[in-house]
Amino acid sequence: MAGGAREVLTLQLGHFAGFVGAHWWNQQDAALGQATDSKEPLGELCPDVLYRTGRTLHGQETYTPRLILMDLKGSLSSLKEEGGLYRDKQLDAAIAWQGKLTTHKEELYPKNPYLQDFLSAEGVLSSDGVWRVKSIPNGKGSPPLTTATTPKPLIPTEASIRVWSDFLRVHLHPRSICMIQKYNHDGEAGRLEAFGQGESVLKEPKYQEELEDRLHFYVEECDYLQVAAWQCALQGGSSSHPANYLSSLTSAQGFQILCDLHDGFSGVGAKAAELLQDEYSGRGIITWGLLPGPYHRGEAQRNIYRLLNTAFGLVHLTAHSSLVCPLSLGGSLGLRPEPPVNFPYLHYDATLPFHCSAILATALDTVTVPYRLCSSPVSMVHLADMLSFCGKKVVTAGAIIPFPLAPGQSLPDSLMQFGGATPWTPLSACGEPSGTRCFAQSVVLRGIDRACHTSQLTPGTPPPSALHACTTGEEVLAQYLQQQQPGVMSSSRLLLTPCRVAPPYPHLFSSCGPPGMVLDGFPKGAAVESIPVFGALCSSSSLHQTLEALARDLTKLDLRRWASFMDAGVEHDDVAELLQELQSLAQCYQDGDSLVD
């Protein structure tokens, strides 16, 4: 057991959520692999919040993500649905049978060369069919099975990445993967395209019972369920109606959902959130709504479906979640295409899910820090309450990746360079934050060496700013936020622990040295294993325009042209109600509506 850690159960629902989740778990795994390095700060983040200990059938200790992952048929490539840590029970049963056997084998997908290299470093498949892995050290917070690395790890190329499992380094528990067989990942037929389709999936007893069984397995072993990250890779989602005994878990704190918004998984996520709210009254449900990069005008049906799914998803998820945050590198949630966001120190291809998901996972790894801390963690419920007052249950995210700190600079020096502008790059497709009003914010800065936290002025030298006069890094950060947003309710965290970007994280950094410091003229694509990141969640007035623009786009649609979307389970009255809900939600974010006037 986690020994007092506030456990999070992660649900990934959808294929793009699978991409984000794969990077997320790789980053957690890389951080665990550095836990024994004497140069690394120990004890800031608690891995037991996200991971669980267990044993294989042969008594080997395991440390795997507390994860339920949902996707569509054909999305796993060479990854087995039951994982690779445990012997196949069906195979065991067949061996026990003494009669005549007939075996039919489906042609296997070729394994990504990167994963072949990775598995050869992790262990071997012995002659008895058991995967032999290295034992993990004893003690709390011990590294997982995936900490072993080769001296020169193979880097996956963008061309070799077709699905998220092509670069997932982490071993999963056999109860993690839940496939939706009635819809296809590839091809033009049998796709999970519409919100109504997603809702209907969770109403089917087959998928409901399968998810319920997996929920029971993870939940009953948790002492303090933070009701983890239903990393809603909502791409084949099926929600369960957890049994009544789950309701008796008074220590449960909340669920984190990673959910695709652009396709039918928006309906899966909405239904999942509704069922969770019914069964876990009073628990926190934090939903991260994920959208791939920018889209093109020529794909009319896909764009209309994207708009409808996003609008229905946001409204329904907001109704049943404690907090909802859309995450995208696109510039708009509506029909008008906008260029992707720009990062000064990153070169990425917005058309590649492998790139976009890496950036979003890095931001997610930072903004979720408050409820993953070892010391003085903020519960998911309290984080949501702080940001979602007055009905503002939708928030925006932003980040500086990497945080620019040149050699010889201090944190006050770097922050002063931003001037009065909002420093972070927007990650919620809600436009630029400049000129908008912030009502409440949660900010995390990580990866800055303690020696750089304050200005090292010569005694007697007058400080060039109020930030340079601060005596701790925490004071510097709090003072900076107060200057930027006077009177705004702000919560800030300063961590020494950087964000891990070791392979298979893509080579995106244009001006970073190996420690993650920003260096002018540093070779593009050079190896970087960790970076400082500045991330924020904000309740912002920018959502007023964004949500109203969504409503305007919907009013322009001739729904008779999109009968296929309506036939999937959405009525015209549902669209009318959606418009009213969007407009009401938008009104919550008018400039005059805040705690401090």
Side-chain angles (χ1 to χ4, degrees), residues 8-32 47 49-52 64-72 75-77 79 81 83 112 115 118 144 146 156 161-173 175-180 185 211 214 218 226-238 255-263 265-266 268-269 272 286-293 325-329 352-368 372 397 427 499-501 504-506:
V8 166
L9 170 62
T10 300
L11 267 174
Q12 296 178 187
L13 307 173
H15 198 69
F16 186 62
F19 267 86
V20 175
H23 280 299
W24 159 279
W25 292 113
N26 287 343
Q27 289 178 315
Q28 310 312 312
D29 181 65
L32 286 165
V49 171
L50 300 173
Y51 279 80
R52 64 179 293 279
T64 53
R66 193 178 296 105
L67 166 68
I68 299 175
L69 180 155
M70 296 178 139
D71 210 334
L72 304 182
S75 63
L76 292 185
S77 188
L79 178 64
E81 188 171 343
N112 187 296
L115 292 182
F118 160 63
T146 57
I161 302 298
R162 298 184 304 107
V163 294
W164 53 264
S165 57
D166 283 336
F167 63 95
L168 177 68
R169 282 181 51 98
V170 180
H171 290 298
L172 301 181
H173 190 276
R175 299 290 189 111
S176 284
I177 300 176
C178 178
M179 299 303 296
I180 305 301
H185 168 63
L211 181 57
R214 294 167 193 269
Y218 285 112
Q226 271 211 19
V227 183
W230 274 40
Q231 224 183 334
C232 259
L234 255 178
Q235 206 171 342
S238 99
F255 291 87
Q256 173 177 288
I257 302 176
L258 293 183
C259 167
D260 285 0
L261 275 184
H262 61 289
D263 56 22
F265 279 103
S266 63
V268 180
I286 296 182
T287 299
W288 309 98
L290 303 170
L291 299 104
C325 180
L327 291 174
S328 174
L329 299 185
L352 294 178
F354 183 52
H355 284 190
C356 295
S357 58
I359 297 171
L360 295 181
T362 299
L364 192 64
D365 189 34
T366 298
V367 298
T368 59
R372 297 192 289 123
L427 298 176
C499 187
R500 292 289 164 189
V501 290
Y505 198 96

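Computed from heavy atoms alone, side chains included, the values below leave out hydrogens, waters and symmetry copies.
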Trainee: What do the steps show when you test Met70 against Leu211 for side-chain contact (heavy atoms from CB on, under 4.5 Å), and what is the final call?
Mentor: CA-CA 9 Å; Met70 296 178 139; Leu211 181 57; 3.8 Å; yes
Trainee: Say whether, by atom type as modelled, one donor and one acceptor occur between the side chain of Arg500 and the main chain of Gln28 under 3.5 angstrom.
Mentor: no
Trainee: Just how far is it from atom CZ of Arg52 to atom OH of Tyr218, taken to the nearest 0.5 Å?
Mentor: 6.0 Å
Trainee: Would you call Phe19 and Leu360 a side-chain contact if the rule is heavy atoms closer than 4.5 Å?
Mentor: no
Trainee: Would you compute the distance between atom OH of Tyr505 and atom CZ of Phe167 and round it to the nearest 0.5 angstrom?
Mentor: 11.0 Å
Trainee: So, do Ile286 and Ile257 sit near enough that their side-chain heavy atoms are less than 4.5 Å apart?
Mentor: no
Trainee: Give the minimum heavy-atom separation between Gly269 and Cys259, together with the two atoms involved.
Mentor: CA-SG, 3.8 Å
Trainee: Hey, could you give me each pair passing salt bridge (Lys or Arg N to Asp or Glu O under 4.0 Å) that has a residue in residues 352-365? Not counting sequence neighbours.
Mentor: Asp365-Arg372, Asp365-Arg446
Trainee: Which heavy atom of Thr64 sits nearest to which heavy atom of His173, and what is that distance?
Mentor: OG1-CB, 4.0 Å
Trainee: What is the distance from atom CG of Leu261 to atom CH2 of Trp288, rounded to the nearest 0.5 Å?
Mentor: 13.0 Å
Trainee: Considering all heavy atoms of both residues, which atom of Ala361 and which atom of Val20 are nearest to each other, and what is their separation?
Mentor: CB-O, 3.6 Å
Trainee: To the nearest 0.5 Å, tell me how far Leu327 CG sits from Ile359 CD1.
Mentor: 12.0 Å
Trainee: Considering only heavy atoms from C-beta outward, does the side chain of Leu50 approach that of Trp25 to under 4.5 Å?
Mentor: yes
Trainee: Which pairs, with at least one residue in residues 16-26 and sequence neighbours excluded, count as a salt bridge (Lys or Arg N to Asp or Glu O under 4.0 Å)?
Mentor: none
Trainee: Measure the shortest side-chain to side-chain distance between Val163 and Leu76 over non-hydrogen atoms and say whether it is less than 4.5 angstrom.
Mentor: no
Trainee: Any non-hydrogen side-chain atom of Leu67 less than 4.5 Å from a side-chain atom of Trp24?
Mentor: no
Trainee: According to ring-ring contact (aromatic ring centres under 6.0 Å, His included), who are the partners of His262, at least two apart in sequence or on a separate chain?
Mentor: none
Trainee: Quick one: closest heavy-atom pair of Asp260 and Asp263, and the distance?
Mentor: CB-OD1, 3.6 Å
Trainee: Where is the tightest heavy-atom contact between Ser328 and Pro292, given as atom of each residue plus distance?
Mentor: OG-O, 3.4 Å
Trainee: Going through the checks in order, is the side-chain contact (heavy atoms from CB on, under 4.5 Å) test met by Asn26 and Val170?
Mentor: CA-CA 6 Å; Asn26 287 343; Val170 180; 4.0 Å; yes
Trainee: Side chain of Arg175, backbone of Arg214: donor and acceptor closer than 3.5 Å?
Mentor: no
Trainee: Taking all non-hydrogen atoms of both residues into account, name the closest pair between Glu81 and Ile177 and its distance.
Mentor: O-CB, 3.5 Å
Trainee: Nearest 0.5 Å, please: how far is OG in Ser357 from CG in Leu364?
Mentor: 11.5 Å
Trainee: Roughly how far apart are His23 NE2 and Cys356 SG, rounded to 0.5 Å?
Mentor: 9.5 Å
Trainee: Tyr51 and Leu32: side-chain contact (heavy atoms from CB on, under 4.5 Å), yes or no, with the steps?
Mentor: CA-CA 11 Å; Tyr51 279 80; Leu32 286 165; 3.8 Å; yes
Trainee: Could you tell me if the side chain of Pro65 sits less than 4.5 Å from the side chain of Leu172, heavy atoms only?
Mentor: yes
Trainee: Taking the side chain as everything from C-beta on, heavy atoms only, tell me whether Asp166 gets closer than 4.5 Å to Phe354.
Mentor: no
